[in-house]
Amino acid sequence: MAGSGAFVELLEEDVYKYYFDGEWRKSASGKSVSIINPTTRKPQYKVQACTQEEVNKIMETSKVAQKAWAKTPLWKRAELLHRAAVLLKEHKNPIAECLVKEIAKPAKDAVTEVVRSGDLVSYCAEEGVRILGEGKFLVSDSFPGNDRNKLCLTSKIPLGIVLAIPPFNYPVNLAVSKIAPALIAGNSVVLKPPTQGAVAALHMVHCFHLAGFPKGLISCVTGKGSEIGDFLTMHPGVNCISFTGGDTGIAISKKAGMVPLQMELGGKDACIILEDADIDLAAANVVKGGFSYSGQRCTAVKVVLVMESVADALVEKVKAKVAKMTVGPPEENCDITPVVTESSANYIEGLVMDAKQKGATFCQEYKREGNLIWPLLLDHVRPDMRLAWEEPFGPVLPVIRITTVEEGIHHCNASNFGLQGCIFTRDINKAMMISDAMETGTVQINSAPARGPDHFPFQGLRDSGIGSQGITNSISMMTKVKSTVINLPTPSYTMG
Ligand code: G3H
């Protein structure tokens, strides 16, 4: 079922087409994949189940298109990206509507995701023309024993085909955060959107189509992971993989060939709250960080480590805020909306039941209807409970009481994850020392973890990822340095 204002040219009968060689097409498989609306738990959309043969054709076409694109002037690449950004913003409502139906993102946040994506694409175009317009000039006599007869010129060249695999929670924003850097750097892109979120991603791709990018440069392939998942990530045509998601990323990194990888995987982002913290500020951030988009963010606060002396005060304030949260459908802009699938809801419930059985204190009654789970704060969580370590990706937040700061740092560093963390204290010296001790890609002082603004570096340690994102880092990661060395005659050569 297409939403009002959706791009009808993407649909044939009731199945969304895939995008290849500048056209919307039906798969030869004759099969489709259903997308279940997390709120109604009924089929909402259908997308093409593409075949391996179709992936092969996409790769061949992508390779040819990339060669020409690499020679397209940078300003021209940037101009097309700016056009796509405008189109994305113009079509924010129909795209947001897909996000509401496919991933139950609250309507207001869905619009924000699309606008943020337009901003990201524009910024990327601006940044690209600056950083890709510069190279280096090195002279040889700076190295011991060398004369000044070699001049080295370096520039950044594209890698080739970038395979972009975004996650369900930001199918538009985390797609463009891969597509825009890849394109400005002169690469072609093959996008494999998540099943939940695929239709929003197809709408986003149509904005790039309307912007007038050359045929074959951008492709979007939909289908079953079992049929085309490994086939794509292990495809010899792929020159770079940028993936955001869960454990699948670990499997991909083991199977992928000798190509640069950019991986953003899970997080168990700790929030350390000291005795001297502004407890109102900390409570507001625990709620925002822990429960926005129902906790389905890799940067969500996933464990609160609070000093025992202020724990009662913090828990009371958080409880009061949680009591005011609205729970219900995304169309009504509720704070808490259904989690993405029934299996996610079951997983979250498993963590809650484990904590219950092991004696955690429930600050609210546990309540679930279908995929909708009411926000739940669990106090007195101990390290033997799964919730202390596992990522619920849902509106369930454990509180661990600590008696020393070292205990908090130790818990944070003992996790398999190392994405972000945050510290609440009024003592900046202490904050800096704790930040230094926390083994995470980013530490936020006096605010909840977050990826944005989207030009900030974003990276995780251990199982949280490979490489660093953020617009500048992504552009650099999707290029390679090329050197040209001019060899002058030896110093004995005379010019006269
Ligand atoms: O889920 C992972 C995202 O990168 C988190 O992004 O901090 O903007 O919500 P966000």
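Counting starts at 1 for both ligands and their atoms, in listed order. For the numbers below, each heavy atom of this structure counts, side chains included, while hydrogens, waters and symmetry mates do not. Note that the numbering runs from 1 along the sequence shown for the chain.
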Quick one: sort the Tyr293 and Phe168 rings into parallel, tilted or perpendicular, breaks at 30° and 60°.
-> tilted
Verify whether the ring centers belonging to His209 and Phe213 lie closer than 6.0 Å.
->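 Distance test on ring centres: not under 6.0 Å, no.
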When you look for protein heavy atoms under 4.0 Å from ligand 1, which residues do they belong to?
->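 Shell around ligand 1 (4.0 Å, heavy atoms): Arg116, Asn169, Tyr170, Leu174, Glu264, Arg297, Cys298, Thr299, Ala450, Arg451, Phe458.
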Does Arg77 use its side chain to pair, donor to acceptor, with the backbone of Glu79 at less than 3.5 Å?
-> no
Would you confirm whether Ser122, through its side chain, and Ala85, through its main-chain N or O, come within 3.5 Å as a donor-acceptor pair?
->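 Not a single qualifying donor-acceptor pair exists.
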Taking only Lys NZ, Arg NE, NH1 and NH2, and the carboxylate oxygens of Asp or Glu, determine whether Glu390 and Lys302 approach each other closer than 4.0 Å.
-> no
When you measure from the centre of the six-membered ring of Tyr170, is the NZ or CZ of Lys105 under 6.0 Å away and within 45° of the axis?
-> yes
